[in-house]
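To start, the structure under review is shown below, and the notes come after it.
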Amino acid sequence: MERTVYLVDNMVICSKAIVPYIESDFFIKNVWIVDEVVYEARNSKSINSIKKLQHHIEVKECERLKEIVQDCVEKFKILKLYEGCADAILLATALAINDSNSKQSELQFEQIKPILVTQEKGIRTSCDELKIDWLSQASFIRIAKHFTNT
């Protein structure tokens with residue numbers, strides 16, 4: 001069985017368009033907000049709801065971050081000194097999830113399919129190159145609306 005997990009960036013999770021869905025069962029079950037995004041969202045009016053969706057970084061994500069950091073700086077231009085590292089951590093988390101899926105046997109009960117939700121072109125480009133699925137905020141809201149209204 002495959003389960004989709006949406007890794008949502010700061011710009012999207014702090015959007016006013018997300019507010020009606022952030023406390024929904026759909027979000028609670030399917031949305032992960034990585035630590036660095038929670039930190040970046042610390043001044044949001046929705047910070048308490050955002051914290052409920054927090055996914056703590058694990059060693060496997062840090063290992064993947066080490067592998068992609070140079071590309072995040074030079075190639076994708078999404079990691080800059082003093083500007084935060086949430087985008088790179090989102091990519092590393094998705095890659096680590098995909099690594100875990102490829103290492104699991106077919107007997108595993110559940111595999112997780114990561115989808116990065118972002119409005120940023122640089123992240124979308126890096127997702128395409130790293131073979132990570134992504135969605136725009138508008139597409140994600142349509143999904144949230146569908147599952148919240150059913």
Side-chain angles (χ1 to χ4, degrees), residues 1-22 24 26-42 44 46-47 49-104 106 108 110-148:
M1 185 167 92
E2 186 175 78
R3 174 179 163 224
T4 300
V5 170
Y6 299 92
L7 303 168
V8 183
D9 78 3
N10 183 54
M11 185 185 307
V12 175
I13 200 64
C14 291
S15 166
K16 290 179 183 177
I18 294 295
V19 172
Y21 311 104
I22 200 166
S24 70
F26 171 76
F27 263 60
I28 291 166
K29 292 176 184 173
N30 302 295
V31 174
W32 288 1
I33 308 300
V34 298
D35 293 328
E36 186 66 16
V37 171
V38 172
Y39 176 76
E40 289 180 3
R42 67 192 176 279
S44 168
S46 299
I47 189 60
S49 298
I50 292 168
K51 284 181 179 179
K52 292 176 186 176
L53 307 171
Q54 188 167 6
H55 170 74
H56 297 290
I57 301 303
E58 298 176 4
V59 172
K60 61 186 178 182
E61 284 109 4
C62 292
E63 291 296 324
R64 279 309 240 149
L65 181 60
K66 285 187 336 188
E67 293 171 18
I68 65 168
V69 74
Q70 188 167 348
D71 282 344
C72 287
V73 172
E74 296 172 6
K75 189 179 198 178
F76 306 135
K77 310 262 190 255
I78 61 169
L79 185 58
K80 298 177 183 133
L81 191 59
Y82 306 119
E83 289 187 17
C85 59
D87 299 338
I89 291 174
L90 284 167
L91 293 172
T93 300
L95 290 169
I97 292 168
N98 285 336
D99 290 346
S100 294
N101 288 337
S102 66
K103 290 177 186 172
Q104 290 179 355
E106 292 181 14
Q108 286 294 100
E110 177 180 73
Q111 287 197 338
I112 297 174
K113 176 184 179 180
I115 298 178
L116 214 146
V117 183
T118 185
Q119 288 296 99
E120 297 183 38
K121 186 178 179 182
I123 300 173
R124 292 175 180 186
T125 301
S126 58
C127 283
D128 290 341
E129 187 157 324
L130 296 168
K131 296 179 179 35
I132 298 169
D133 292 332
W134 61 267
L135 282 176
S136 68
Q137 177 178 315
S139 295
F140 181 58
I141 289 172
R142 281 193 294 278
I143 292 168
K145 187 180 287 189
H146 171 76
F147 284 105
T148 302

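- Electrostatic pairing of Asp99 and Lys60 does not count as a salt bridge here, judged by no charged N lying under 4.0 Å from a carboxylate O.
- No more than 12 heavy-atom neighbours from other residues, nucleotides or ligands sit within 6.0 angstrom of CD on Gln70.
- Here the CE atom belonging to Met11 is positioned 8.5 Å from the CG atom belonging to Asp87, to the nearest 0.5 angstrom.
- Contact of the Val31 side chain with the Ile22 side chain is not registered, since no non-hydrogen atoms from C-beta on lie closer than 4.5 Å.
- Rounded to the nearest 0.5 Å, atoms CD1 (Ile68) and CG (Leu95) are 5.5 Å apart.
- Within the 4.5 Å cutoff, side-chain heavy atoms of Thr118 are placed close to those of Arg124.
- Atoms CG and CG, from Leu116 and Leu90 in turn, are 5.0 Å apart once rounded to the nearest 0.5 Å.
- Side-chain contact check for Ser46 and Ser49: no donor-acceptor pair (N or O, by modelled atom type) lies under 3.5 Å.
- Of the residues listed (Val37, Val34, Ile33), the one engaging Asn10 in a side chain to side chain contact (heavy atoms under 4.5 Å, CB included) is Val37, and it is the only one.
- Minimum heavy-atom separation, Val12 to Ile18: O-CG1, 3.0 Å.
- Side-chain N or O atoms of Arg42 include one that pairs as donor or acceptor with a backbone N or O of Tyr39 at under 3.5 Å.
- Interatomic distance, Asn98 CG to Asp133 CG, rounded to the nearest 0.5 Å: 8.0 Å.
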Between Arg64 and Glu67, does a salt bridge (charged side-chain N to carboxylate O under 4.0 Å, His left out) hold up when you go through it step by step?
CA-CA 5 Å; Arg64 279 309 240 149; Glu67 293 171 18; 2.6 Å; yes

The test is side-chain contact (heavy atoms from CB on, under 4.5 Å); show your working for Ile132 and Leu91 and say whether it passes.
CA-CA 8 Å; Ile132 298 169; Leu91 293 172; 3.9 Å; yes

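- The main-chain N or O of Ser126 is never found under 3.5 Å from a side-chain atom of Glu129 such that the two would form a donor-acceptor pair.
- Checking each of Tyr6, Phe140, Trp32, Phe147 against Phe27 for a ring-ring contact (aromatic ring centres under 6.0 Å, His included) leaves exactly one that passes, namely Phe140.
- Between atom CG of residue Asp128 and atom CD1 of residue Ile123 there is a gap of 12.0 Å, rounded to the nearest 0.5 Å.
- Annotation for Ser24 and Tyr21: closest pair OG-O, 2.7 Å, computed over non-hydrogen atoms.
- Taking CZ from Arg3 and CG from Asn30, the interatomic distance works out to 6.0 Å, rounded to the nearest 0.5 Å.
- Side-chain contact between Glu40 and Cys14: absent, with no pair of heavy atoms (C-beta onward) separated by less than 4.5 Å.
- Residues Val38 and Ile47 have side chains in contact (heavy-atom distance under 4.5 Å, counting atoms from C-beta outward).
- Residues meeting the salt bridge (Lys or Arg N to Asp or Glu O under 4.0 Å) test with Lys66, sequence neighbours left out: Glu63.
- Between Gln137 and Ser15, the shortest heavy-atom distance links the atoms NE2-OG, 3.0 Å.
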